[in-house]
> 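Mind looking over this structure? Questions follow.
Basis for what follows: all heavy atoms, side chains included, without hydrogens, waters or symmetry-related copies.
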Amino acid sequence: MPERSATDEAVRLAFTQQASACRGLGSPFTASLCALAAERLPASHAVGEKILSWTGDPTPSGDSVPLRLAGALHALVLAGLDRALAEVYPPNTAEPDELWNAVENACRTHATFIIDRLKSAPQTNEVRRSAALLPGFLVISSLFGKPLVLSEIGASAGLNLQWDRYAYRLGALSWATGPSPVVIAPEWKGPNPPDVPVDVASRAGCDLNPLDPAREEDALRLLSYIWADQTDRLDRTRLALAIAAAHHQTVEKADAVDWLEQRLGQVHADRVHVIYHTIAWQYLPQPLQKKGEALISMAGARATPAAPLARLQMEGDDQKHSAALTLQIWPPGEKHLIGRADFHGRWVEWTGWPGLH
């Protein structure tokens with residue numbers, strides 16, 4: 001066996017790391033696919049050569065090369081472009097050798113398609129994260145009793161801009177503004193959040209590469225990055241895409257900080273302006289994060305009781321296996337950790353806002 005280069009080894013390690021992450025997040029199929037790629041991916045075809053000579057950071061926290069490949073292969077299945085690959089994909093089962101033979105064949109047969117897909121970072125719009133956001137919105141509504149103006153950073157296809165159009169079961173609380181085909185019921189720990197009505201006055205989002213929920217090609221791209229054996233996520237996302245399309249929800253193509261500056265420059269009388277983001281802020285380069293934080297702080301200093309500002313976040317921190325839920329409100333700028341959540345929203349551990357029950 002020829003000696004592997006340092007780049008080759010780094011890429012294979014990235015696939016191994018991703019396999020471990022997928023196992024922990026409930027996708028044994030994607031874990032198996034990544035483990036097989038780590039062990040068997042050859043440089044003897046164009047796809048393998050492209051991946052094993054990756055010039056950037058191949059890791060899950062970098063360019064996410066394993067998920068780029070997984071997304072490209074899943075897209076072939078969803079689009080009906082590779083029958084042999086579909087036969088070894090869920091809901092079907094296959095032995096490791098059968099799965100890898102089909103993957104190898106797909107890499108050779110659809111090299112142009114896969115290599116083109118490898119150019120783009122994985123893009124997800126996890127609808128279940130709305131279950132982690134909803135308690136924060138309920139706190140904001142409980143504190144102010146004003147309509148909300150929503151501004152989501154990294155909104156992708158805008159599915160989490162539609163959070164008030166879904167139905168929820170959060171512990172003992174059932175919450176919905178009306179009937180919805182999307183029902184989100186995470187494992188819930190902690191007290192019940194406030195049970196109050198919410199009025200969304202307006203909503204907008206930005207993304208560097210926004211997807212249009214009404215466009216079939218964009219919907220396919222989004223679905224392809226959902227792990228193939230997680231049918232509940234696929235079904236939920238399809239339903240959420242239909243809701244977003246029916247409400248003509250589109251996301252603006254814009255740099256997050258430039259867009260934020262424009263949004264924060266507006267005054268919303270008798271409204272609460274809520275800036276929010278889920279697993280998005282961490283991907284901004286440090287200088288842009290610093291500029292964005294300064295913009296939000298300055299806008300917070302200008303906020304008044306008649307036109308308050310809130311920032312709701314679900315972002316990773318120093319705890320590896322979950323995200324922190326934080327809420328900050330101006331005036332006076334009070335910030336609290338209000339809970340934690342699984343990255344896919346499978347569970348929420350709710351702490352709550354101090355003094356609010």
> Check the side chains of Ser61 and Thr59 for a donor-acceptor pair under 3.5 angstrom, ignoring hydrogens and angles.
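Looking only at side-chain atoms, Ser61 and Thr59 do form a donor-acceptor pair, the distance falling under 3.5 Å.
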
> For the backbone of Leu284 and the side chain of Gln289, can you confirm whether one donor and one acceptor N or O come within less than 3.5 Å of each other?
yes

> Does any non-hydrogen side-chain atom of His247 lie less than 4.5 Å from one of Leu161?
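Heavy-atom side-chain distance check fails, nothing below 4.5 Å.
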
> If you take all heavy atoms of Pro66 and Pro58, which pair is closest and at what distance?
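Of all heavy-atom pairs spanning Pro66 and Pro58, the closest is CD-O, 3.4 Å.
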
> In plain terms, say whether Arg215 and Asp218 are close enough for a salt bridge, that is, a side-chain N and a carboxylate O under 4.0 Å apart.
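Salt bridge flag = yes for Asp218 with Arg215.
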
> Check whether any side-chain heavy atom of Leu239 lies under 4.5 Å from a side-chain heavy atom of Tyr166, and answer yes or no.
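Leu239 vs Tyr166: side chains apart.
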
> Indicate the atoms forming the closest heavy-atom contact of Trp353 with Leu327, along with that distance.
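Scanning both residues completely, I find the closest heavy atoms to be CZ3-O, 3.4 Å.
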
> Does any non-hydrogen side-chain atom of Tyr168 lie less than 4.5 Å from one of Leu173?
no

> For side chain to side chain donor-acceptor pair (under 3.5 Å), just list the numbers for His45 and Glu104, CA-CA rounded to whole Å, side-chain angles, deciding distance to a tenth of an Å, and then say yes or no.
CA-CA 9 Å; His45 53 64; Glu104 278 281 282; 2.9 Å; yes

> Taking the six-membered ring for Trp, are Phe137 and Trp163 parallel (under 30°), tilted (30 to 60°) or perpendicular (over 60°)?
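Taking Trp163 first and then Phe137, their aromatic rings lie parallel (interplane angle under 30°).
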
> Any sub-3.5 Å donor-acceptor pair from Asp82's side-chain atoms to Leu76's backbone N or O?
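No.
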
> Indicate the atoms forming the closest heavy-atom contact of Ser141 with Val198, along with that distance.
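The answer is OG-CG2, 3.5 Å.
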
> Please report the C-alpha distance between Gln123 and Asn209 in whole Å, then the side-chain angles of each, then the deciding distance to 0.1 Å, and finally whether the side chain to side chain donor-acceptor pair (under 3.5 Å) criterion is met.
CA-CA 9 Å; Gln123 195 161 0; Asn209 182 32; 3.1 Å; yes

> Do the rings of Trp281 and His277 sit parallel, tilted or perpendicular, given the 30° and 60° boundaries?
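Trp281 vs His277 ring planes: parallel.
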
> I'd like to check Leu309 versus His273 (side-chain heavy atoms, cut-off strictly below 4.5 Å). Are they in contact?
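Of all side-chain heavy-atom pairs linking His273 with Leu309, at least one is under 4.5 Å.
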
> Looking only at heavy atoms, which two atoms of Leu52 and Ala43 are closest? And how far apart?
CD1-N, 3.8 Å

> Under 4.5 Å between side-chain heavy atoms, chaining through other members, with only Ile, Leu, Val, Met, Phe, Trp and Tyr counted: pull out the rest of the cluster around Leu337, sorted by chain and number.
none

> Considering only heavy atoms from C-beta outward, does the side chain of Asp232 approach that of Arg128 to under 4.5 Å?
yes

> With no hydrogens and no angle check, is any side-chain donor or acceptor of Arg129 less than 3.5 Å from a backbone partner on Phe343?
yes

> Does Ser20 reach the main-chain N or O of Thr16 with its side chain, forming a donor-acceptor pair under 3.5 Å?
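Side chain of Ser20 to backbone of Thr16: no pair is present.
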
> Do Arg263 and Cys206 have side-chain heavy atoms sitting under 4.5 Å apart?
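Counting from C-beta outward, Arg263 and Cys206 never come under 4.5 Å.
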
> Is any side-chain heavy atom of Ser224 less than 4.5 Å from a side-chain heavy atom of Arg117?
yes

> Any salt bridge between Arg40 and Asp97, counting N to O under 4.0 Å?
yes

> Do Ile338 and Pro135 have side-chain heavy atoms sitting under 4.5 Å apart?
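No, side chains not in contact.
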
> Quick check: closest heavy atoms across Pro193 and Leu170, and the distance to 0.1 Å?
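Where Pro193 meets Leu170 most closely, the heavy atoms are CG-CD1, 4.2 Å.
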
> Looking at Glu315 and Ala280, would you say the former's side chain and the latter's main chain have a donor-acceptor pair under 3.5 Å?
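Such a contact is found between Glu315 side chain and Ala280 backbone.
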
> List the steps and the verdict of side chain to side chain donor-acceptor pair (under 3.5 Å) for Asp207 and Ser156.
CA-CA 6 Å; Asp207 200 280; Ser156 191; 4.9 Å; no

> Closest heavy-atom contact between Met314 and Ala341?
CE-CB, 4.0 Å

> Between Glu126 and Arg233, does any side-chain N to carboxylate O distance fall below 4.0 Å?
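Salt bridge flag = yes for Arg233 with Glu126.
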
> Any ion pair linking Arg238 and Asp235 (charged N to carboxylate O, less than 4.0 Å)?
yes

> Between Gln230 (side chain) and Leu25 (backbone), is there a donor-acceptor pair under 3.5 Å?
yes

